[in-house]
Amino acid sequence: MSATTIQPVVTDTTVDHTEDIAAIEQIIANVETAYNTNDAELMTADVTANAAVVNAVGALTVGKDALLEANRRGLAGFLKDQYVRYEVADIVFLRPDIAIAHKLARATTAEGELIDIDHAMIALYVLVKENGRWWTAARQNTLIPQAQ
């Protein structure tokens, strides 16, 4: 790469993304609802058939069927009495039909009261629009180290 090469800013401004933003926010809200109600089917409803998800401890799961099974195990097991609140930090449209979004997470009580003062996890979503609908193609969850 030469010294005069300028890296592009990749962001789509060719269409109004108002409805797209609402649809992506709803996908993330669905995951929050699913987590808080132990609903593996809802948690998996908005992923592509070949979606890839890396969980917060670094395990990769690929494919909707494998994700559904992992979600069933987790939500019936170690996540059963865990609750979260998600905040969409940003959504960037790389193309009219490709977006990335960051989600911040905090643990809550069953009543929704925050346990974490700071965000405990960040997730990167890669989303695609296919046949007029948004889908999660990939998600990477990363724990945020907490000050001791």
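All residue numbers in this chain count up from 1 along the given sequence.
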Shortest non-hydrogen contact between [X] and [Y], atoms and distance:
| X | Y | answer |
| --- | --- | --- |
| V62 | A66 | O-CB, 3.4 Å |
| L79 | N38 | O-OD1, 3.8 Å |
| A40 | L68 | O-CD1, 3.6 Å |
| W135 | A45 | CZ3-O, 3.6 Å |

Practice problem: On the 0 to 90° scale, with breaks at 30° and 60°, tag the Y35-Y86 ring pair as parallel, tilted or perpendicular. | Solution: perpendicular
Within the side chain of [X], is there an N or O that forms a donor-acceptor pair under 3.5 Å with the backbone of [Y]?
| X | Y | value |
| --- | --- | --- |
| T136 | A138 | no |
| N36 | V84 | yes |
| D90 | A101 | no |

Quiz item: Is L42 reachable from V53 through a run of I, L, V, M, F, W or Y residues, each pair having side-chain heavy atoms under 4.5 Å apart?
Solution: no
Exercise. Check step by step if side-chain contact (heavy atoms from CB on, under 4.5 Å) holds for R95 and V10.
Key: CA-CA 8 Å; R95 303 280 187 258; V10 180; 3.4 Å; yes
Please tell me whether [X] and [Y] have a donor and an acceptor in their side chains that are separated by less than 3.5 angstrom.
| X | Y | answer |
| --- | --- | --- |
| D39 | T37 | no |
| N141 | N55 | no |
| D46 | W134 | no |

Quiz prompt | Residues R72, E41: salt bridge by 4.0 Å N-O rule | solution = yes
Self-check item: NZ/NE/NH1/NH2 to OD/OE distance under 4.0 Å, D116 and R85
Solution: no
Quiz prompt | Point-to-point distance, once rounded to the nearest 0.5 Å, from CG of L114 to NE2 of H119 | solution = 8.5 Å
